[in-house]
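Here is how names work: the chains are called A, B, and so on, in the same order as the sequence lines, proteins then strands, and each is numbered from 1.
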Amino acid sequence: QKEVEQDPGPLSVPEGAIVSLNCTYSNSAFQYFMWYRQYSRKGPELLMYTYSSGNKEDGRFTAQVDKSSKYISLFIRDSQPSDSATYLCAMSVNPGTYKYIFGTGTRLKVLA
Amino acid sequence: GAVVSQHPSRVICKSGTSVKIECRSLDFQATTMFWYRQFPKQSLMLMATSNEGSKATYEQGVEKDKFLINHASLTLSTLTVTSAHPEDSSFYICSAKDRLAGYEQYFGPGTRLTVT
């Protein structure tokens, strides 16, 4: 079993839809959770990070962590065609070690 | 701010040759840089951690004699793939940590290596 599981998609939604992206994990020691966005042929860009269970909001993006279920989500409200990219979750036991475990990424297409 | 560049963006080489990939932090000093490999439809896998002025730390299963890493300055790290083989074809991405900032690492745009 992989430490981090992420549905590769692709996920296609109409413009304006609410998008839900998810990852599950098996290592209960993970404490630091991140979401990255990666456009084609580009490196990943950090969108959000969180240390604790609950929700964290930043503009149209909301990151949700449920440690009891070992489940994290990223919600995108009012999705735009420019949101079309691959979204990767990443996790770490100790962010200072930089031992990040990445999901395989979910490819999102927002249709105009 | 926090821009990381990689050169070249794409390289094709013949089997048995060596290829060098450069990673530069353009507007910050990076005491630590990281090298990742990403195969199609697979996740980013950390290959090694590079600290300025010291030897790189390689992850389990990564051959240090095949993937030579040099981090000679606070803004430059290089990865040399020696005696490349077709199975080394992959997307290589570096990232860098700003020594004055928190935990965030900034990723370069990646280098697509194709070994023929």
Practice task
Below 4.5 Å from any heavy atom of chain B, which atoms of A:Gln38 appear? Answer side chain, backbone, both or neither.
Solution key: side chain
Practice task
Answer with side chain, backbone, both or neither: which region of B:Arg112 has an atom nearer than 4.5 Å to a non-hydrogen atom of chain A?
Solution key: neither
Handout entry: Segment of B:Leu46 engaging chain A (4.5 angstrom heavy-atom cut-off)
Key = side chain
Exercise for the section: Verify whether the ring centers belonging to B:Tyr106 and B:Phe28 lie closer than 6.0 Å. Expected result: yes
Exercise for the section: Carefully, step by step, assess B:Phe34 and A:Tyr100 under the rule ring pair (Phe, Tyr, Trp, His ring centres under 6.0 Å). Expected result: CA-CA 11 Å; B:Phe34 307 90; A:Tyr100 294 176; 7.6 Å; no
Exercise for the section: Using a 4.5 Å cut-off on heavy atoms from C-beta on, say whether the side chain of A:Val65 contacts that of A:Ser52. Expected result: no
Fill in the blank from the handout: Okay, A:Pro44 and chain B: the region with an atom under 4.5 Å from a heavy atom over there is both
Practice task
Please flag which part of A:Tyr39 lies under 4.5 Å from any non-hydrogen atom of chain B: side chain, backbone, both or neither.
Solution key: neither
Handout entry: Part of B:Gln6 within contact of chain A (heavy atom distance under 4.5 Å)
Key = neither
Practice task
Return yes if some donor-acceptor pair links the side-chain N/O of A:Thr106 with the main-chain N/O of A:Asp7 below 3.5 Å, else return no.
Solution key: yes
Exercise for the section: Could you check whether the rings of B:Phe107 and A:Tyr36 sit parallel, tilted or perpendicular, using 30° and 60° as the cut-offs? Expected result: perpendicular
